[in-house]
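Report on one structure; see the data block that follows.
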Amino acid sequence: MADLKYRSPRGTSDILPEDQPYWAFILETAVGLAEVYGYQRVDVPIFEFADLYIRGVGEATDIVQKEMYIFEDRGGDRMALRPEFTAGICRAYLQHGMSNRPLPVKLWTAGPVFRYDRPQRGRYRQFHQFNYEAIGELDPWLDAEVIDLAWRFYERLGLKDLTLELNSIGDGRCRPAYREALRAYYRPLVDRLCSDCKDRLERNPLRLLDCKQPTCWALSEAAPRSVDYLCDECREHFAGVQEWLGRYGVPYRLNHRLVRGLDYYTKTVFEVQPPRQGAQAALGGGGRYDGLIEELGGRPTPGIGFATGMERIILELKEQGISPPGRKLPVVFVAYTGEATRLATVGVVGRVRAAGFIGVHAFGSRSLKSQLRLADGLGAGYALILGEEEYRQGRVVFRDMATGSQEVVSLEEALSRIRRG
RNA sequence: GUGGGUGUAGCUCAACGGCAGAGCGCCUGACUGUGGCUCAGGAGGUUGUGGGUUCGAAUCCCAUCACCCACCCCA
């Protein structure tokens, strides 16, 4: 550990075999659910033209301003590692004329995203999201379905005591008025705001609402609420979302201070919080982005999506003591006892693998004791010991590692016993 | 970008101015054909790095890097 020449870059991590079951569990659960809700897989590049994200996510957002991995490639183009999925998926939607498909187009994807943050618990520079988007439909029913899918996903993972927070932040028609109302509210109080919030006041007043500084937090208590400034359409839409959520049976809590960090959100925004409200807690979040596709040069097209952080889910699973199902194939260890059987091991292990089991053995020439120790370490459920004498008679010593009982049987018999469990 | 904490064996940690250790893990052995338990042995560290103080530094001081935690932001 002392001073290795190479280490993984800051904020990145290796996903070791021990943790892989968590990843598989989460991904399988997410994919399984997304598919039954009618979502299809899409994969978009890990890097795009930086402008896509700058236009899409928003020039003024922290993500674009200070967290994006941006670089010039050898051809002189300004590229960026994706800081999120939605912009890339919308770009793909436009590029491939998906508006001609049955609407809404429902797509899911998963993979690494990148943000140049200072790493801490639950926050990494390369992290992984599962993401789904539904594009081309503005019925609030769809909002509710998307939220329902998110909710069922965590439920199916076995996570308990989560909270779904919901808000509506209006759209291009009503948000300006709300923004002004916020400014009007905060201006007389500006001296009591933290320095960040003083900046936000003019630049992005919505963000004043979720500042965690005690004084700012206290002031935001009585701040104007976005829901009171919604235009008729947005208000009706939000009411619709709540009605439909009731029909889906998804419990939610209105949070008037819920705003989100990406500029493209309109109307519905939501976030899923774990019980222990920590700093980097949010497990996932999403919302509507009815202006994004147009912003990217397409015809006005509504959309809504959701993203959840894999690493944070794993933290929460561990927090709640939930372990992923281990559905491993039986490990069958083949041991040799002399030179002839050592050579024959190749064939026997081959038969084990052809039968669909995990077939392993020792290399070199190890003592039987050492081989069985290895078998134990590898978690073998069974050992096939090739005794010189038995092997000559076409049989093997079939050992059940859990009980230690063993019997001399033919290889076929051994394999079929393993198959039966 | 800001603040705090921590760096000793693969892992978890002792030693806190005087010979760098333990447990776990790994390897070998205890009837040259049988794992787990036990016992014995072994491999593995320039104490993150660089400087300073000191007769002597893992230990005290400074710097630096890394990791962790919090702010910020968000997944």
- Select one nucleotide: of rC69(B), rU28(B), rU34(B), the one nearest the side-chain heavy atoms of I385(A). rU34(B)

- Item | Assigned partner base of rA22(B), Watson-Crick or wobble definition, under 3.5 Å | rU12(B)

- Message: Check this one for me: any side-chain N or O of S367(A) less than 4.0 Å away from OP1 or OP2 of rU28(B)?
- Response: no

- Counting any heavy atom closer than 4.0 Å, what does I313(A) reach on the DNA or RNA strands: base, sugar-phosphate only, or nothing? nothing

- Give V397(A) one of three labels, base, sugar-phosphate or nothing, depending on what nucleic acid heavy atoms sit under 4.0 Å from its own. base

- Task: Applying side-chain contact (heavy atoms from CB on, under 4.5 Å), name anything that partners L254(A), two or more places apart in sequence or on another chain.
- Result: L166(A), F238(A), Q242(A), Y252(A)

- Query: When rounded to the nearest Å, what value does the distance between C1' atoms of rU47(B) and rC13(B) take?
  - Reply: 13 Å

- Note on the structure: R118(A) has its side chain closest, among rA70(B), rU34(B), rU28(B), to rA70(B)

- Message: Quick check for you: to the nearest 0.5 Å, what is the distance between Y132(A) atom OH and E35(A) atom CD?
- Response: 13.5 Å

- Look through every strand shown and name the nucleotide pairing with rA58(B) as Watson-Crick or G-U wobble, where both distances are under 3.5 Å. none

- Item | Backbone N/O of E67(A) and side chain of Y69(A): donor-acceptor pair under 3.5 Å | no

- Item | Counterpart base for rG1(B), defined by Watson-Crick or G-U wobble contacts under 3.5 Å | rC71(B)

- Task: Determine which nucleotide pairs with rU6(B), using a 3.5 Å limit on both distances of a Watson-Crick or G-U wobble pair.
- Result: rA66(B)

- Under a 3.5 Å limit for both distances, which nucleotide forms a Watson-Crick or G-U wobble pair with rG41(B), could you say? rC27(B)

- Closest nucleotide among rU34(B), rA75(B), rU28(B) to the A282(A) side chain: rA75(B)

- Stepwise ring pair (Phe, Tyr, Trp, His ring centres under 6.0 Å) check, F306(A) with F270(A): CA-CA 9 Å; F306(A) 173 77; F270(A) 63 100; 5.6 Å; yes

- Please state how far atom CE in M310(A) lies from atom C1' in rA75(B), giving the value in whole angstrom units. 11 Å

- Query: Which nucleotide in the list rU34(B), rG33(B), rA75(B) gets nearest to the side chain of R260(A)?
  - Reply: rA75(B)

- Could you pick out which residue, R10(A) or V259(A), lies toward the 5' side of RNA chain B when each is mapped onto its nearest nucleotide? R10(A)

- Message: Less than 4.0 angstrom between a side-chain N/O of Q120(A) and OP1 or OP2 of rA70(B), yes or no?
- Response: yes

- Are any of R373(A)'s side-chain N or O atoms less than 4.0 Å away from OP1 or OP2 of rC26(B)? no

- Message: So, taking the atom named OH in Y336(A) and the one named CZ in R366(A), what distance separates them when rounded to the nearest 0.5 Å?
- Response: 7.0 Å

- Query: Counting only Watson-Crick or G-U wobble pairs whose two distances fall under 3.5 Å, which nucleotide matches rG35(B)?
  - Reply: none

